[in-house]
Amino acid sequence: MVVSNKSAMGIIFPNSFDALIPEMANVRLMASIPFASRYRMIDFVLSSMSNCDIDNVAVLPNRKYHSLMDHLGSGREWDLVRKNGGLSIFPPYAESAKAMNTGRVGQIAGILGFLKEQKEKYVVMADSNIAINIDFKAMIATHIASGADVTIAYNEQAVPESFVKSDNVNKDFYYSLTIDGGKVKKIYVNPTDGGVQNLSLNIFVIARELLIELVEVAFMRGQVHFTRDILLNQVNHLNIQAYKFDGYVARIWGINSYFEENMKLLDDYNLDALFAGGPIYTKIRDDNPTRYIAGSKAANVMVADGCVIEGEVENSILFRGVKIAKGAKVKNCILMQDTVVDAGANIEYLIADKDVTISAGKEMKGTDSYPVYIAKGVTV
Amino acid sequence: MAKEMIAMLLAGGQGSRLYALTQKLAKPAVPFGGKYRIIDFPLSNCVNSGIDTVGILTQYQPFVLNEYIGNGQPWDLDRLNGGVHVLPPYQKASGSDWYKGTANAIYQNIAFIERYDPQYVIILSGDQICKQDYSDFLRFHKEKGAEFSVAVMEVPWDEASRFGLMVTDETDRITEFQEKPKNPKSNLASMGIYIFNWDILRKYLIEDEEDPNSENDFGNNIIPNLLRDNRKMYAYHFSGYWKDVGTIPSLWEANMEVLDPEHSGINLFDEDWKIYSRNSGMSGHKIAPGAVVENSMITDGCRVKGTVKNSILYAGVTVEEGALIEEAVVMGGSVIKAGAVVKHCIVAENAVVGENAVVGAMPTETEKGVATIGPGIVVGDNAVVGPNAMVDKNVEGGEERW
């Protein structure tokens, strides 16, 4: 598609909310955190875009993006290798200190030249801390029909109590909305109210020309955040519409919610809800099917290809290439790619990052409210 | 740009002995081993052996195969120069012809081969499960100064008369070729995999085409003609896993061997010799609380609530509560409903086995049949399908099919 009044391009901010999950974002960014047995967080929003004919997608990382570059490659798995458009990754220029800042304003300002050259009428912006299978076509159609300047997607969800109570100073912002007849009347930054709120998904539809105009002005004024500094200030000047998303949302608030959101997918109802829209694509590893060897036991597990299971595994999520040796017991665990649990080891409530080895006979247990996290490549 | 060796893959086989499985599917496209199709093996062998140009000769039910191959990207065969090309018979100024035989299929594509100006051409078969390093085969061919080499397997003497046999001298030079002889002089069976010097192959293909009495077949015509002319022909000994999966029992058996790589030698977990395939793209499989999985292979997208023993479930298979699957090969997208019993059989893609239906039976002394349910077939609730049944039409609820 070269020129169209309906077409949209995508922008994804893969580093947003890194600070919420420092354990895992230590070696990567939010977008490349493994999720749901064979995916990375970015796969969901990126596949949603691809499934909705958004085939010109800019990804704007600002740090620790090697794992993301490796994961995305040329974008082929998401059908985003195109002569016109396709996947473009814009790492920051090393000399440009301003591009390093985490706000969307600075990041978009860094690609203004690119944005101005594009042909699409609309831009869809999203983070990657949310696993979601969203119909962007419907959202864009609603945006056009409402005549809005900006449309914000939201869901009805409570902010976790632990999150509200904790010190938020170093964390990224989240926003709730007061809505009147579809129009956003007020935007709250880091609301501390309990209970269900209209929580922004930080997914926006906006005309490309308007986005360029708003960002140019904001950047000159030294503003940082798109929602806090632009939308919140102009909530009465811009026509900001709210778009309620009723589908399944897995939002990562931290290591505990990471654990919970994975475990929730053991319930087929939730898994089917998340995958109900278009297919979710990810990097192909060409693993063979998973092998359950005689004497193994498995109950209530989600397991990707390439695993070899000789021991016992229960209530767990296994990513590709996990090996559980004879006599090992795995319960309530998330084991990422190529984790090895040696003979007789016994683990519970554990999140093992990639390439972790639990040595033979070792015992290690967390609790449901405090799962133990083991960093990438560590041998216990 | 000249290539040292290109591959020509014979994939036109109808696979008529696979009956229901190949009514709408070329044999090389038949699913295998949980997430593969037969053709993944020769294609992966090619790319793992450094061959980047492959012509696939098709003519029977090509749609699934063509779509599956696509641009060859899953096998890393989407190349600027070379890559994978599907070669069906085509219309020429002088008329058009189906591929009359294996040699004629290559003959009709001489122009394709010449585009790459190769020194050697390897002829591969699209209906075998085999992990083989063709670069080692080429090394042998060059070391012997051969004009033609054939890969051979040692087979038990009492089975030798079922095969095409190569009689060789102590230097592995072929002195005689026996096609399914009553009195075998050798136990070296041809695997149907050949390396030719291209100039020699070209010459013999043209000569063979001019012979109106020829069947245009490698085994029956080209190889005897090479022998007649005393060409330098050598037999390359291969000792790895090789299986012709041309029949239902052999296809079932090869699948079961995947479950036991330590003994069978077909190791799909080999990181150094990966078998590539087009991926289903489904999420991880689920084993529900109360489900039982013993000695089985389960692929992405499966949902298991029943019992699965000594079986292979391909991508996206559903096994409902109380269903029992034993020694079965259940291909992609099939649904085994609650209480169904599925044993010692092959269930093809997207089939449905109804509630409390029975398909197949464990083998006995006298009865060793592998029941087969064709693709998309619906077996009704409480129906019974006997161990020798070949089901290519829906079975009504309660009906019996033997």
Side-chain angles (χ1 to χ4, degrees), chain A residues 35-39 43-44 47 74 76-79 81 131 133 262 265-268 271-272 274-275 278-310 313-323 338, chain B residues 32-36 40 44 47 71 73-76 78 255 258-262 266-271 273-305 308-315 317-318 332:
Chain A
F35 187 71
S37 87
R38 63 188 292 271
Y39 303 94
D43 292 338
F44 294 87
S47 300
S74 62
R76 187 173 58 204
E77 269 99 357
W78 299 265
D79 199 18
V81 178
N133 200 334
N262 268 288
L265 299 177
L266 288 174
D267 184 339
D268 283 351
L271 185 71
D272 290 341
L274 179 56
F275 287 86
I280 303 299
Y281 312 103
T282 192
K283 187 183 176 189
I284 301 296
R285 260 185 47 150
D286 289 295
D287 288 280
N288 42 278
T290 283
R291 191 169 161 217
Y292 291 87
I293 293 179
S296 67
K297 273 189 190 158
N300 199 29
V301 292
M302 175 154 73
V303 182
D305 276 355
C307 298
V308 180
I309 297 166
E310 291 184 79
V313 54
E314 195 183 338
N315 302 334
S316 294
I317 311 271
L318 309 187
F319 286 73
R320 293 181 278 198
V322 169
K323 299 200 167 36
D338 301 311
Chain B
F32 179 80
K35 64 181 292 192
Y36 309 97
D40 289 332
S44 301
V47 76
N71 66 352
Q73 183 270 318
W75 303 271
D76 204 17
D78 52 336
N255 271 284
V258 167
L259 290 178
D260 186 18
E262 288 80 5
I266 177 77
N267 183 8
L268 299 178
F269 284 72
D270 186 353
E271 280 293 315
W273 204 268
K274 268 199 174 182
I275 303 300
Y276 301 99
S277 64
R278 201 171 276 281
N279 226 271
S280 72
M282 295 178 182
S283 54
H285 69 262
K286 305 267 297 265
I287 310 292
V292 176
V293 177
E294 287 178 16
N295 188 37
S296 294
M297 299 249 295
I298 316 272
T299 311
D300 279 345
C302 290
R303 301 279 177 93
V304 179
K305 292 183 174 155
V308 180
K309 293 180 180 175
N310 306 320
S311 294
I312 299 193
L313 306 189
Y314 293 53
V317 168
T318 301

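None of the values given here were measured: they were computed from a predicted structure. Each chain gets a letter, A, B and so on, in the order the sequences are listed, and its residues count up from 1.
- The two residues B:Ala291 and B:Val304 have their closest heavy-atom pair at CB-O, 3.5 Å.
- Listed options B:Leu268, B:Asp260, B:Val258 were ranked by heavy-atom pairs under 4.5 angstrom with chain A; first place goes to B:Leu268.
- Contact of A:Leu265 with chain B is made through the backbone alone, with heavy-atom distances under 4.5 Å.
- Residues A:Arg38 and A:Glu77 are not paired through a salt bridge, judged by the lack of any N-O separation under 4.0 Å between the basic side chain and the carboxylate.
- Of the atoms belonging to B:Lys305, it is side-chain heavy atoms, and not backbone ones, that fall under 4.5 Å from chain A.
- A:Ser296 places no side-chain N or O within 3.5 Å of a backbone atom of A:Ala294 that could act as its donor or acceptor partner.
- For residues 278-285 of chain A, the interface with chain B (any heavy-atom pair closer than 4.5 Å) comprises A:Ile280, A:Ile284, A:Arg285, sorted by residue number.
- Under the 4.5 Å side-chain criterion, counting only non-hydrogen atoms from C-beta, A:Leu266 is in contact with A:Ile317.
- When side chains are defined from C-beta on, A:Asp305 counts as touching B:Thr299, because their heavy atoms get closer than 4.5 Å.
- The part of B:Tyr36 that comes within reach of chain A is its side chain, from C-beta onward, which places non-hydrogen atoms under 4.5 angstrom from that chain.
- A:Ile309 has its side chain within reach of A:Leu318: a pair of non-hydrogen atoms, C-beta onward, lies under 4.5 Å apart.
- Counting only heavy atoms from C-beta outward, the side chains of A:Phe35 and A:Asp43 never approach each other to under 4.5 Å.
- Side-chain N or O atoms of B:Ser296 include one that pairs as donor or acceptor with a backbone N or O of B:Asn310 at under 3.5 Å.
- The backbone N or O of A:Asp286 lies less than 3.5 Å from no partner atom in the side chain of B:Ser277, so there is not a single donor-acceptor pair.
- Neither the backbone nor the side chain of A:Arg320 comes within contact range of chain B; no heavy atom of the residue lies under 4.5 Å from a heavy atom of that chain.
- Using a 4.5 Å cut-off between heavy atoms, A:Tyr39 touches chain B through its side chain atoms alone.
- A:Asp272 is listed as a side-chain neighbour of B:Arg303, based on a closest heavy-atom distance under 4.5 Å.
- Chosen from B:Pro74, B:Ala288, B:Gly34, the residue pairing most often with chain A at heavy-atom distances under 4.5 Å is B:Ala288.
- Interatomic distance, B:Met297 CE to B:Lys35 NZ, rounded to the nearest 0.5 Å: 9.5 Å.
- Proximity to chain B (any heavy atom under 4.5 Å) is shown, for A:Asn315, by neither the backbone nor the side chain.
- The part of B:Asp78 that comes within reach of chain A is its side chain, from C-beta onward, which places non-hydrogen atoms under 4.5 angstrom from that chain.
- Looking at B:Ile312, there are no atoms closer than 4.5 Å to chain A (heavy atoms on both sides), in backbone or side chain.
- Of the atoms belonging to B:Lys274, it is side-chain heavy atoms, and not backbone ones, that fall under 4.5 Å from chain A.
- B:Asn255 places a side-chain N or O within donor-acceptor distance of the main-chain N or O of B:Gly33, the cut-off being under 3.5 Å.
- For the options B:Met282, B:Glu271, B:Glu294, B:His285, heavy-atom pairs under 4.5 Å to chain A are most numerous at B:His285.
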